[in-house]
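Here the structure comes first, spelled out in structure tokens, and everything after it is commentary.
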Amino acid sequence: MLQIPTPDGQADAFAVFSDDGERHPGVLLYMDAIGLRPVLEEMARELAGHGYYVLVPNVYYRHGPAPVVELPEHIGEGVRPALFARLMPLVEAHTTERALRDADAYLEFLTAQPEVSAGPVAAIGYCMGAVLAVRTAAAHPGRVAAVAGFHPGALVTDAPDSAHRLVPNLTAEVHVGLAEGDMTPEALGELNQALDAAGVGYTTEIYPGTIHGFTMSDTDAFDPTALQHHWDRLLPLLDRALAGS
């Protein structure tokens with residue numbers, strides 16, 4: 001467990017890395033809307049086992065340390081409405097301005113760690129974290145070489161600061177793994193068009209038979225086959241993009 005200094009306070013976070021005395025490429029992992037919890041630590045441990053230093057900040061730190069909202073061990077459909085009624089004000093309070101300030105602080109902290117190798121890092125995220133990963137990579141094109149988002153939140157909206165409008169600033173290789181129903185065909189077309197115009201290597205893929213949240217084993221949305229498919233896409237992307245780090 002760590003504290004990351006930010007312009008707005010201290011963000012609690014956890015970091016996972018192999019204690020082998022070596023330096024490892026850095027990965028900034030953004031949580032989903034449900035927040036920092038054991039399932040994300042498990043995923044970070046899996047990723048660290050492949051040779052990465054993984055930093056997972058509590059994006060809601062302005063409202064208190066994780067868990068900001070008390071969470072059941074399993075997030076079934078019965079508890080979702082009441083839970084999300086408590087979470088949505090936290091999501092809405094995390095404005096683009098706050099997200100960008102935090103991204104600066106998270107990357108500064110990550111790249112300064114003695115266990116993190118020099119060179120570019122990756123930004124990955126789940127649900128709303130996918131949007132934060134894209135914003136981070138677009139704001140720091142010289143530092144972020146890979147960006148991945150899974151069952152993303154609203155990547156394509158009508159808002160002037162919609163994440164897809166930032167894609168021209170990307171230099172990172174991109175993978176977006178979508179659940180069925182995460183995006184309309186029109187929105188996915190807009191995202192693909194923006195990625196084409198940016199000239200970056202990318203894949204956008206609908207994972208068949210999935211619903212939003214398919215990577216999260218503590219929810220009813222969990223799909224173990226899709227989680228493995230996510231690793232099969234993510235690990236080669238990180239290997240390609242960060243191999244020289």
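Atom set for the values below is all heavy atoms of this structure, side chains included, hydrogens, waters and symmetry mates excluded. No experiment lies behind these values; they were computed from the predicted model shown.
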Checking the side chain of [X] only, and the main-chain atoms of [Y] only, is there a donor and an acceptor separated by less than 3.5 Å?
X    : Y    : result
S162 : D158 : no
N58  : P67  : no
D220 : E77  : yes
R23  : V116 : yes
T157 : A154 : no
S117 : H24  : yes
N192 : G189 : no
R37  : G35  : yes
E180 : G209 : yes

Open item on the list: Between the side chains of D104 and R143, is the shortest nitrogen-to-carboxylate-oxygen separation below 4.0 Å, so that they form an ion pair?
Closed with: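 A salt bridge is absent here (no side-chain N lies under 4.0 Å from a carboxylate O).
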Task: Cationic N near anionic O, under 4.0 Å, R45 to E41 - done: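 Salt bridge between R45 and E41, a charged N being under 4.0 Å from a carboxylate O: yes.
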Just to verify, what does [X] make a side-chain hydrogen bond (donor to acceptor under 3.5 Å, both in side chains) with, not counting sequence neighbours?
X    : result
T215 : H151
R165 : none
T6   : Y61

TODO: Identify whether M216 and V69 are in the same connected component of the hydrophobic contact network (ILVMFWY, side-chain heavy atoms under 4.5 Å).
DONE: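 They do share one cluster, since a chain of ILVMFWY contacts under 4.5 Å joins M216 to V69.
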Open item on the list: Tell me whether L166 shares a hydrophobic cluster with M128, the cluster being built from Ile, Leu, Val, Met, Phe, Trp, Tyr side chains joined at under 4.5 Å.
Closed with: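 Different clusters.
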Task: Distance in Å, H74 NE2 paired with F222 CZ, rounded so as to fall on 0.5 Å steps - done: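 These two atoms lie 10.5 Å from each other.
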- [ ] Mind checking the CG-OG1 spacing from L100 to T95? Nearest 0.5 Å is all I need.
- [x]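 Nearest 0.5 Å value for the CG-OG1 distance: 8.5 Å.
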Heavy-atom closest contact ([X] atom, [Y] atom, distance):
X    : Y    : answer
Y60  : A33  : OH-O, 2.5 Å
M43  : W231 : O-CH2, 3.5 Å
P120 : L242 : O-CD2, 3.5 Å
Y207 : T210 : O-OG1, 2.5 Å
I4   : P57  : CD1-CB, 4.2 Å

Open item on the list: Does atom CD (E92) have a neighbourhood of more than 12 heavy atoms from anything else shown, all under 6.0 Å?
Closed with: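 More than 12 within 6.0 Å, yes.
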Task: Partners meeting ring pair (Phe, Tyr, Trp, His ring centres under 6.0 Å) with Y30 (sequence neighbours left out) - done: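 With sequence neighbours excluded, Y30 shows a ring pair (Phe, Tyr, Trp, His ring centres under 6.0 Å) to no residue whatsoever.
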- [ ] If you link ILVMFWY side chains whenever their heavy atoms are less than 4.5 Å apart, which other residues fall into the same cluster as L178? By chain and number, please.
- [x]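 Same cluster as L178: V131, V134, V147, L155, V156, V167, L170, V174, V176, M183, L188, L191, L195, V200, Y202, I206.
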Open item on the list: Running the 4.5 Å side-chain criterion over Ile, Leu, Val, Met, Phe, Trp and Tyr, what cluster does I211 land in, apart from itself?
Closed with: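 Members besides I211: none; it forms no cluster.
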- [ ] May I ask you to decide if the ring planes of H230 and Y126 are parallel, tilted or perpendicular, using 30° and 60° as cut-offs?
- [x]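 Tilted: the ring planes of H230 and Y126 meet at 30° to 60°.
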